2 protein chains.
Amino acid sequence: MAEHERASAMLAVSTVIFALRSDELTGGRAQVWLPLVRRIRAPFEGCWALPGGPLRVDEDLAYAAARTLADTTGLAPRYLEQLYTFGDAVRSPGDERVVSIVYWALVGSAEAEAATAGENVGWFSADDLPELAFDHKLIVEYALWRLRTKMEYSRIAHAFLGERFTLAQLREVHEAVLGRPLDPANFRRTIESSGAVVATGDYLTGTRHRPPRLYRYNDSIDLADAGPLPRQQPPFGLRQNRSTAEHRPTPESEQS
Amino acid sequence: MAEHERASAMLAVSTVIFALRSDELTGGRAQVWLPLVRRIRAPFEGCWALPGGPLRVDEDLAYAAARTLADTTGLAPRYLEQLYTFGDAVRSPGDERVVSIVYWALVGSAEAEAATAGENVGWFSADDLPELAFDHKLIVEYALWRLRTKMEYSRIAHAFLGERFTLAQLREVHEAVLGRPLDPANFRRTIESSGAVVATGDYLTGTRHRPPRLYRYNDSIDLADAGPLPRQQPPFGLRQNRSTAEHRPTPESEQS
DNA sequence: ACAAAAGTGTTACTAATACACCCATGC
DNA sequence: GCATGGGTGTATTAGTAACACTTTTGT
């Protein structure tokens, strides 16, 4: 519209990155974790904050979010969706005005556990966050709400898993995100009747009980309904996953 | 973060404004209508487009959306919510990059029908839109999807109505938005059991049938859940409604 | 009395839940 | 055999949809 009108605010893109961890720390139970970066400049110097940075010219918003994610974790997102744009005039006290377009992303558990926790990057449990800079605490809570809400009516859980998985693993993802146990029998029926997964015919052996079926996702069904918005595939182009292993490197083995 | 880094894109705020109309044109049936403005500059000169404009410094995003709404219709929003931020690098062919933060809003039917349709402003049925500039067609469809989706699990319908209303009027709103008839009996039960409305004890007379109860909304229940985001009241400060009458000025009258 | 919409009652169907119970493997 | 989780069956419940029916006004 205008020829060279001065911009009214700085434009930044931040990303809330979710992964699942089942460390010894978490007592074997899977939990939602997320990476934060330590600020090395004022304001909020030394505080933890969401990964992000200024939007570059000629860079799509989703691409900027994925780049941020890659810089922080060395990973590519399995799922990426815009969350909200925060742009109140007085977000940062006394500082230049910044409008933040925030995305949220899911990364695979296998990759996440092998991911580098580079300099000034720390992983935290979503239930036990440190003090966060700016309004990032609110943003993370909103992202968590969206994750939990969307998990109930959508099919984003598989973003945490490998190509093949058991229903118990899928259920574990749901339980970790929702924070409550689910009935295995009803969960099975719900998932199977939704058509979201198909049995591969193979079984996972090496457990000390009956071998569970291995499933894979039904590609013909969309991950999540974003309404009439064009399906934005996460921009995988910029960096490939470090670990190409699609599922946990455990002593477990597969056979038909 | 940066001292005086050049901004990477222009920042604009647009608003999709919804109102309900039951003209002679629509055959007595209420329909969703929205105002558009005709572009007077290239690109897309002469085309219809969403109301909007550049974000001003020291102006909150929601305030900018409400200001846009007031400039276009002379009204204040009854409901206002952020929709999405469109910022692909190549939205406008050959032009300067523009990142659009889009809001969607509801205005009361009574006010909307009395609203000024100022110069270069036109109202259109949501089901019969003209050619739109940029990617605004997609944006409107997304906003419509959100309106319809949210109507089913939230309580935004009353934004179209006055302070007091009959259940038939409320049902008419739902039917207009969803585009399909609803069973009056079941609708009544659903709404009443949700606790969203309370009977005033008064009845609407002047109809040629049994006088229906007048209800009002239960203020103790939130309009719509916007997640853990702080409830953003629509910024009413900038301009007041023209018509202070809260419901349609028809020959109908109220009495207890 | 009749039309028309308000409002009530009833039934059928579907989806969610709780939980009992059998199955197949490792030890 | 026994423990363990995989997997199946089933009864109960809650919510939704369809529709018959009664009520109260204006004409």
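Every chain is numbered from 1 and lettered A, B, ... according to where its sequence line falls, protein lines coming before strand lines. As the structure is a computational prediction, the values presented were derived from the model and not from experiment.
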Who are the ring pair (Phe, Tyr, Trp, His ring centres under 6.0 Å) partners of A:Phe160, not counting sequence neighbours?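 Not a single residue meets the ring pair (Phe, Tyr, Trp, His ring centres under 6.0 Å) criterion with A:Phe160.
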
Can I get a per-line list of side-chain donor-acceptor pairs under 3.5 Å for residues 137-146 of chain B, giving both atom names and the distance, sequence neighbours left out?
from	atom 1	to	atom 2	distance (Å)
B:Tyr142	OH	B:Arg146	NH1	3.2
B:Arg146	NH1	B:Leu83	O	3.4
B:Arg146	NH2	B:Glu81	OE2	2.9
B:Arg146	NH2	B:Gln82	O	2.9

Taking salt bridge (Lys or Arg N to Asp or Glu O under 4.0 Å) as the definition, give me every residue that meets it alongside A:Arg180, ordered by chain and number, with sequence neighbours left out.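 Checked A:Arg180 against salt bridge (Lys or Arg N to Asp or Glu O under 4.0 Å); matches are A:Glu152.
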
Partner residues of A:Arg155 under the salt bridge (Lys or Arg N to Asp or Glu O under 4.0 Å) criterion, sequence neighbours left out: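 A:Arg155 satisfies salt bridge (Lys or Arg N to Asp or Glu O under 4.0 Å) with no other residue.
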
Donor-acceptor contact below 3.5 Å, side chain [X] vs main chain [Y]:
X	Y	value
A:Thr200	A:Arg216	no
A:Thr15	A:Ala65	yes
B:Asn218	B:Gly195	yes

Can you check the [X] [atom1] to [N] [atom2] distance for me, whole Å?
X	N	atom1	atom2	answer
B:Glu175	C:dA5	CD	P	12 Å
A:Glu192	C:dA16	CD	P	15 Å
B:Tyr203	C:dA6	OH	P	13 Å
B:Arg171	C:dG7	CZ	P	11 Å

Going 5' to 3' along DNA chain D, between which two nucleotides do contacts with chain B fall, using a heavy-atom cut-off of 4.0 Å?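 Endpoints of the contacted stretch of DNA chain D: D:dA17 to D:dG26.
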
Could you verify whether a donor N or O on one side chain and an acceptor N or O on the other, from A:Glu192 and A:Tyr215, lie under 3.5 Å apart?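 There is such a pair between these side chains.
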
Going 5' to 3' through nucleotides 17-27 of chain C, assign each nucleotide B (protein heavy atom under 4.0 Å from a base atom), S (under 4.0 Å only from sugar-phosphate atoms) or - (no protein heavy atom that close). BBB---BBBS-

